[in-house]
Protein chains: 2
Amino acid sequence: MEKDDKPISMKHLPHKTIERLSQYRRALLICLDQGQTHIYSHEIAKIQHITAVQVRRDLMLIGYTGTLRKGYNVSELIDLIGSIIDAGEGIRVAIVGMGNLGRALINYFSGKRSRLSISASFDTNPDKIGRTMSGVPCYSLEDMNEIIARENIKIGIMTVPAAAALTVAEKLVQAGIKGILNYTPKPVYVPKDVYLEEYDMITSLEKVAFYVKMQEVD
Amino acid sequence: MEKDDKPISMKHLPHKTIERLSQYRRALLICLDQGQTHIYSHEIAKIQHITAVQVRRDLMLIGYTGTLRKGYNVSELIDLIGSIIDAGEGIRVAIVGMGNLGRALINYFSGKRSRLSISASFDTNPDKIGRTMSGVPCYSLEDMNEIIARENIKIGIMTVPAAAALTVAEKLVQAGIKGILNYTPKPVYVPKDVYLEEYDMITSLEKVAFYVKMQEVD
DNA sequence: CTTTTTTTGTTAAAAAATTAACATTGTTAG
DNA sequence: CTAACAATGTTAATTTTTTAACAAAAAAAG
Ligand SMILES: NC(=O)c1ccc[n+]([C@@H]2O[C@H](COP(=O)([O-])OP(=O)(O)OC[C@H]3O[C@@H](n4cnc5c(N)ncnc54)[C@H](O)[C@@H]3O)[C@@H](O)[C@H]2O)c1
Ligand SMILES: NC(=O)c1ccc[n+]([C@@H]2O[C@H](COP(=O)([O-])OP(=O)(O)OC[C@H]3O[C@@H](n4cnc5c(N)ncnc54)[C@H](O)[C@@H]3O)[C@@H](O)[C@H]2O)c1
């Protein structure tokens, strides 16, 4: 019935497409910096180690249409991806655990333009509480509820020791967080309405090891 | 015709199964430490946020058979997964770029029992070269060929600044590395006989953001 | 002006991954 | 001893993801 510019339901975008859109944008931002105004599907594909068909299909799914024989408009596409991935006014993020990994992530993130911003960090170490790291203030765990509400933080990144993982996840949920990115090697449990993503470097490394070994055998 | 203990061709194990086997092992090692001798498929499933069917199917694929109504023998299963993922005498790994992230990874890894071992690291910063971090010596980039050959290193983990990514990847390949785990936000190119895995935290974070935003809308 | 080339957008097919269904069989309870 | 149960192992169905095929059309070439 209704005629719309975007008849696409974001709800049905494949998970893998979401991941790739983020990666496309990362690559597109670099192209933009280099003054490139248009890009072909096969160029994007090469950067991401995937096929051009897949790029075109993903873009079809988000309803973006390029120019025949000119390819895609870099800045338009960046904006469109932004309108899908980022929330309007941006989403605020907190890091819990300001150790090696936490610092690496904050550092990494602080250079990036994004509508996601790391607004706070939490730790139990009194030496860290009250200090600021790459512009991100570190608070005591006890102030979590207050800070998360006040700063309207929606996502928590966990980089605490594995032993603290379960309780920290619980605390984050209670504080009203809606998504958790868990870098602890300990899987945690969250209610259905909290989105959870877990990543462990050892899994990646062992996967590489497996395929390296395989290749030797064959 | 031939009857074999393991008629399973590891070559055809699904990629996702490889990842999960690594995760199962991580969980099983914890169970072993706690003195648990057997575990049910649904227990493993709960830890990994997947279904029991999937666990059983994965184990079927590697030809492991549990005890009806007792579940799986924890230590047997750990050993079997090890025989699939790890190479016989272990695979040696090097980290390139001893910054925040490099140190976080070395630290993390040094606690783990595994047949994968980080045997060397490389950097260009003279202050770091010649020192040792969590037992891992740091060498100059110029010595890479020699060290990698001498130590029989097969896998390289890249944690250098994005600007150095392409040249470092090339150097690793030339030095004879067979697998690369790239934590740089810059995708790199490798020959077909080198296995490449790339991970970017921003992709994970943006994925979480997307689903958080989605949930708000519905 | 016409033909060829090149690139997009889309539908259809194939492949990969997950989930469901169910047969099987020790174990326990009655 | 027998029936009910609770777990595994496996085949089949479903869903998701990727790849292939190809039509359409702007640009370039002739
Ligand atoms: N997923 C991966 O790829 C990966 C890689 C490296 C490390 N890790 C894991 O990340 C975690 C952090 O690693 P790291 O090297 O930064 O460790 P770290 O010890 O340097 O840092 C941990 C920080 O958490 C703080 N902390 C401790 N208990 C806390 C609590 N209850 N609440 C809040 N903060 C608390 C500590 O004060 C410290 O600052 C570890 O669990 C490690 O295993 C994961
Ligand atoms: N994938 C992720 O999730 C993730 C997270 C955080 C950071 N990162 C990325 O990881 C990389 C490292 O981050 P960091 O915070 O550790 O940075 P860092 O600046 O602390 O460390 C970089 C290290 O690499 C060394 N280096 C520079 N050029 C080199 C070269 N050509 N060869 C060898 N070593 C060289 C530097 O001396 C330094 O020790 C960056 O590219 C960053 O963007 C990725």
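Chain naming here is simple, since letters A, B, ... match the order of the sequence lines and numbering starts at 1 in each.
To the nearest angstrom, C1' of D/dT16 lies 10 Å from NZ of B/Lys16. Atom P of nucleotide D/dG9 and atom CG of B/Leu59 are separated by 8 Å, given to the nearest angstrom. Between B/His12 atom NE2 and C/dA17 atom P there is a gap of 13 Å when expressed in whole angstrom units. For the pair A/Leu61 CG and D/dT19 C1', the interatomic distance rounds to 14 Å; values are reported in whole Å. The separation between A/Arg56 atom CZ and C/dT6 atom C1' is 11 Å, rounded to whole Å. Atom OH in B/Tyr64 sits roughly 14 Å away from atom P in D/dT10 (whole-Å rounding). Across the protein-nucleic acid pair, A/His15 atom NE2 and D/dT15 atom P stand 15 Å apart, rounded to whole Å. The CD1-P distance, from A/Ile62 to C/dG9, rounds to 11 Å in whole Å.
Across all strands shown, B/Ser41 has heavy atoms under 4.0 Å from sugar-phosphate atoms exclusively, and none from any base. Nucleic acid contact class of B/Thr65 (heavy atoms, under 4.0 Å, all strands): sugar-phosphate only.
Mapping A/Lys70 and A/Pro14 onto DNA chain D by nearest heavy atom places A/Pro14 closer to the 5' end of the strand. Nearest-nucleotide positions on DNA chain D for A/Ile50 and B/Gly66 put B/Gly66 closer to the 5' end. Looking at which nucleotide of DNA chain C each of A/Leu68 and A/Val53 is closest to, the 5′-most match is held by A/Leu68.
Across C/dT19, D/dT8, C/dT8, the shortest atom-to-atom separation from the side chain of B/Thr51 is found for C/dT19.
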One pair to check against side-chain contact (heavy atoms from CB on, under 4.5 Å): B/Ile177 and A/Val212. What are the steps and the verdict? CA-CA 9 Å; B/Ile177 234 81; A/Val212 165; over 6 Å; no
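The base of D/dT19 sits within donor-acceptor range of the side chain of A/Arg57, with an N or O pair under 3.5 Å. Side-chain atoms of A/Arg69 and base atoms of C/dT8 include no donor and acceptor less than 3.5 Å apart.
Here the straight-line distance linking atom NZ of B/Lys207 with atom NZ of A/Lys16 works out to 8.0 Å at 0.5 Å rounding.
Residue A/Glu198 forms a side-chain hydrogen bond (donor to acceptor under 3.5 Å, both in side chains) with just one option from A/Thr184, A/Thr203, A/Asn182, and that option is A/Asn182.
Under the 30°/60° scheme for interplanar angles, the aromatic rings of A/His15 and A/Tyr195 are found to be tilted. Under the 30°/60° scheme for interplanar angles, the aromatic rings of B/Tyr183 and B/Tyr199 are found to stand perpendicular.
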